[in-house]
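All chains are named by letter (A, B, ...) in the order of the sequence lines, taking the proteins before the strands, and each is independently numbered beginning at 1.
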Protein chains: 2
Amino acid sequence: MLQLISKKNRLTDGQKSFGYGAFAAIGVFLNFERVNVMKVAVMGFGVVGSGVAELLKKNAPVIKENTGADLEVKRILDIRDFPDSEFAPLLTKDFCDIENDDEIEVVVETMGGLNPAFDFVSRCLKKKKHVVSSNKELVAQKGFELLKLAEENNVNFLFEASVGGGIPIIRPISRCLAGNRIDSIAGILNGTTNFIMTKMIMERTEFSDALSLAQKLGYAEKDPTADVEGLDACRKICILSSLAFGRHVYPNEVHTEGISKITLDDVEDADRFGYVIKLIAQAKKLENGKIYALVSPALVKKESMLAGVSDVFNACLVRGDMTGDILLYGKGAGASATASAVVGDIIDCADNREKRKVFGWKESVPGLIEDYRKVPVSLFVRIEGSKAEKEKVLSLLNPEKIFENSEKNEISFITDTEPEEELQKKLSLGGFKVLSSIRVTDY
Amino acid sequence: MLQLISKKNRLTDGQKSFGYGAFAAIGVFLNFERVNVMKVAVMGFGVVGSGVAELLKKNAPVIKENTGADLEVKRILDIRDFPDSEFAPLLTKDFCDIENDDEIEVVVETMGGLNPAFDFVSRCLKKKKHVVSSNKELVAQKGFELLKLAEENNVNFLFEASVGGGIPIIRPISRCLAGNRIDSIAGILNGTTNFIMTKMIMERTEFSDALSLAQKLGYAEKDPTADVEGLDACRKICILSSLAFGRHVYPNEVHTEGISKITLDDVEDADRFGYVIKLIAQAKKLENGKIYALVSPALVKKESMLAGVSDVFNACLVRGDMTGDILLYGKGAGASATASAVVGDIIDCADNREKRKVFGWKESVPGLIEDYRKVPVSLFVRIEGSKAEKEKVLSLLNPEKIFENSEKNEISFITDTEPEEELQKKLSLGGFKVLSSIRVTDY
C-alpha cells in the first residue's frame, strides 16, 4: 500500500521530510475527516465569469448532492466596479489577493485574450492552484505551455468551456474516447457563422442581410471579423486537434477561410447536388503522420448529422477507429451554457484535488502540419460559361456531378478527389472564369 | 496538508494503525515511484468482452501516452473454451481465480443478464475491486444496490457502456452537466427499432419486411421482442433517469410500448404534418417533483436533431436548465464501440484508483413515478371516418392539425396538449374507431 501515500507529489520538498510524514501518519491513524469545502476564485467578472459565480451559488446544494463537491467562491477579480452586485464584497482589483491566498485552490479564468490572462494563469499554476479556463485564445496559443506548467506543479489546467460552450467536447475526447484512436474531427464550432449560413440556406437571405440580422440579434459583434473570417473556429479546432492527436497545433499553421464570399448562387447549386454549405473546422491525421487542419466553408451532404445543425448551435463530429462517428451537439455559446462547462471542470478539480489529469498534449514538432494544397479533396466549382466550357470541364476534370445553368450562363460541378493543387492547376489550365470553389467534406 | 493522507479510507482497519502510518510516511519521505500497472479481469468473453481484451492489447501504448494509465488483462472468465484465442492462457472457468486475486484491481463485467452477474459483481466490489459493466439489465435493476456496495467499499462501479455503446452519455450526464439541473431526457436508445423505423420512413417498407431485413443484417435477433417491444430502450432510460434525477427508476415502473403496431399509414400521415415517428425513450422531472418516464413510439418534428438519427444510430438529448438542449449521437452498439466505452471506464478507474466517483443515485421512494395518463401530452390520432367524424373531432378535440383522407375513409389529427386520460376519454366519448394514437414530443 506504499504507493497510496508516495504519490502525493504535490507536497513541497520541505514537506517531504520525515517529520511531516510522521505527522501525516497521525492523520491516517486518527482518520481525520477531510475539510471538503473548496474555495474558488474567478478572474474576469464578465458574462461567463458572473455566470459561474451565480451558478455556483444557485446550484451548490445540487452539485454537492450529485458529486460530493462543496464549492464556494471566495474572490472575484475585475478592474471594473460592480457596486450593486450581490458579489460586490468578493470583488478585488488586485490579482495578488488571489495569487497569495493559499485557501484558494481553484482559479477560474474567464477574462479572455492573452494578456494578462497568460501571466495570471501561469502564476496561479506556479502557486499550485488548479486553473479552469474558458479562454479559447489562451488555450489555442498557450495550451502546451500551461499544461506543462500544470504538470510541473501537479495541478489541473482544464478548459472544457473553451470549445463548444456547454457541449461536452473536451472531456469526451480526452476521456470517453481515450480507448480509441481518433482519426478525424469536423465541427461547426462558430454559432455566428452557422446562424448566417442557416439563414442563407433556409430562407435564401443574402450574406450581408443575414450578417446584419445576426448583429441585430446580438449573435454577431459590431466587428464580426473573428467570427465571419473563421478565426474563432480556427482557435477551437487547434484545441481539439492538439488534444486528439497529441501535439500542439497553432492557429497560424491552420489555413483559414471565412464565409464572407459565399453567395446564394453557391447555396442553390450546392442544394441541387444534395448538399448544404457550412463553415467546417476540420482536422485529420494523415497516413504520413502529418495533420491536415483547415477552417473553410464546405459542402456537407444533406443526410449528414452536421447538415441538421441549425442557427447558433454547434456540433463536433469525432471519427474514431473503434467508435465510428460520434456527434456532440448543443448551444456553443451563451453565459449559462459556458458557465455550466466551467463548473463541470471545477467539480473535476474537486474530484482530482491532489492529482493531475493527464492530457496527451505535447509541444509541436517541425513539419507537423501538412500543406493543405497537397491533400486530396473534392471541390464544388462554379464557373462562367455554357456548352463549350461544359465540354472542357468534362474532358479536363471528369466531374462526379455537373449542372449547366443556361439562364445565368454558369456551370457548377463537383470534382473527383485529387490533391487540391492538382485540381486548381486543371482549373487554371482550362482558363475557366472561376466564380467559386468550395471543398466537399465526407462527413 | 493532513487531509491529503487522511482521506485514504480504502485502508483496512488493520492498516490504519500507527505502525502502518509511520511506514507510509517513509514512502512519502523517500518519494517511491508508484507501481502503475493496473491488472484487469474480464468476465464474459463474448463480443464485448473479447473486444475489450483486444482493444487493451492493441491500444495500450496510446492509452498510456494519452492518459497515463498502464493497463493489462490478467484473467478472463468464461464457461466456454477458446483454445485458439490468443488470450487462451488467461482464460479460467472459476470465478474465484478473479475474486481471490488481490493483484486484480479492476473487473470488467460483460456477461449480460442478472445471474450470475449480480452475484459476481457484488463479490468483486466487496473484495474492493473496481467494477466496469456494460450490462444494462444489471445496472437498470441493481444500479442503486451496486453503487451503494461500491460506496461501502470505496471503489468505483462504472457503466458508460451500458447505454449508447460508444457514445459518451453516462459521463457527460454525471460530470460535464453536473453544474446543471437536468430537466428532461429523450433518446433513440435502440438501434434495431431505429433501423426499422428508418426503413419505414425513408423507403416506405412495411414493418414486417423491415424487421426481416434487420434480422438478415444481424441488427435484430431471432426473437426480436426485447428490441421491438421497447424493453431494451426501457432499461436504458431507467439508467439515464436514475442518474439525471438522483433516484432509482426501475424498469417495471416505466410504461413501455413498442413499434410493432406502427403502420405505413401512420408514417405517411405523420410525414404530412411535418413529423417522423421514432421509438423515443423519455424521462422528465415534473413540477410536482415526480418523474414522467415512458418508452413509446412518438412523433418528432422533422427539423429536430432526433429526426436526423437514422439506421442503427442512437442519440440522447439532454435538456438542462443551463445548457439548453445537448445531443449525444453515435453508434449505439457493436463490439468495438462498446469495448471503447468500457476501456474509457477502466481508464477512469486507473485515474481514481484510491478514490470513488460519486453518482447522485439513491434508492427509489414510493410515488416517485407519475402515472403517465395524468401527464399533459399531445396525441397524433388516426380514425376511420369522413365528414361527419371530422366535424365531431373538430368540436370535441379542437385539434391543432387535421387531415381527411377520403380515399381511405380516414381522418388524422394532432390534438391539443391535455392529460392523456382526458384525451382518451374524449376519443371514447366521440365513439371513434381509433386506428392509431401516438404521442407527439416537443423535442
Heavy-atom cut-off 4.5 Å, strictly under: side chain, backbone, both or neither for [X] against chain A?
X      : result
B:D348 : side chain
B:V309 : both
B:V343 : side chain

Could you pull out the closest heavy-atom pair between [X] and [Y], with the gap in Å?
X      : Y      : result
A:S340 : B:T323 : OG-CG2, 3.2 Å
B:S174 : A:T67  : O-CG2, 4.4 Å
B:I167 : A:I326 : CA-CD1, 3.6 Å

Residue selection (most heavy-atom pairs with chain A, distance under 4.5 Å) from [options]:
options                        : answer
B:K357, B:R171, B:K58, B:K331  : B:R171
B:F359, B:W361, B:Y329         : B:Y329
B:I347, B:T338, B:L327, B:V358 : B:L327

*asked:* Could you check whether atom NZ of B:K64 has more than 12 heavy atoms from other residues, nucleotides or ligands sitting under 6.0 Å from it?
replied: no
_Residues, nucleotides or ligands: over 12 heavy atoms within 6.0 Å of B:K301 NZ_ = no
*Passes side-chain contact (heavy atoms from CB on, under 4.5 Å), B:V62 versus A:R181? Steps please.*
CA-CA 8 Å; B:V62 180; A:R181 190 193 65 230; 5.6 Å; no
*Out of A:G330, A:P168, A:A339, which one racks up the most heavy-atom pairs below 4.5 Å with chain B?*
A:P168
_Tell me which of these, A:S304, A:A60, A:G166, has more heavy-atom pairs under 4.5 Å with chain B than the rest._
A:G166
*Inter-residue atom distance B:K362.NZ - A:E65.CD, 0.5 Å rounding*: 3.5 Å
_Approximate separation, where rounding is to 0.5 Å, of A:S336 OG and B:N180 CG_ = 8.5 Å
*Quick one: do B:E303 and A:M202 satisfy side-chain contact (heavy atoms from CB on, under 4.5 Å)? Show the steps, please.*
CA-CA 11 Å; B:E303 308 85 68; A:M202 309 287 272; 5.5 Å; no
*Side chain, backbone, both or neither: which part of A:D351 has a non-hydrogen atom closer than 4.5 Å to chain B?*
both
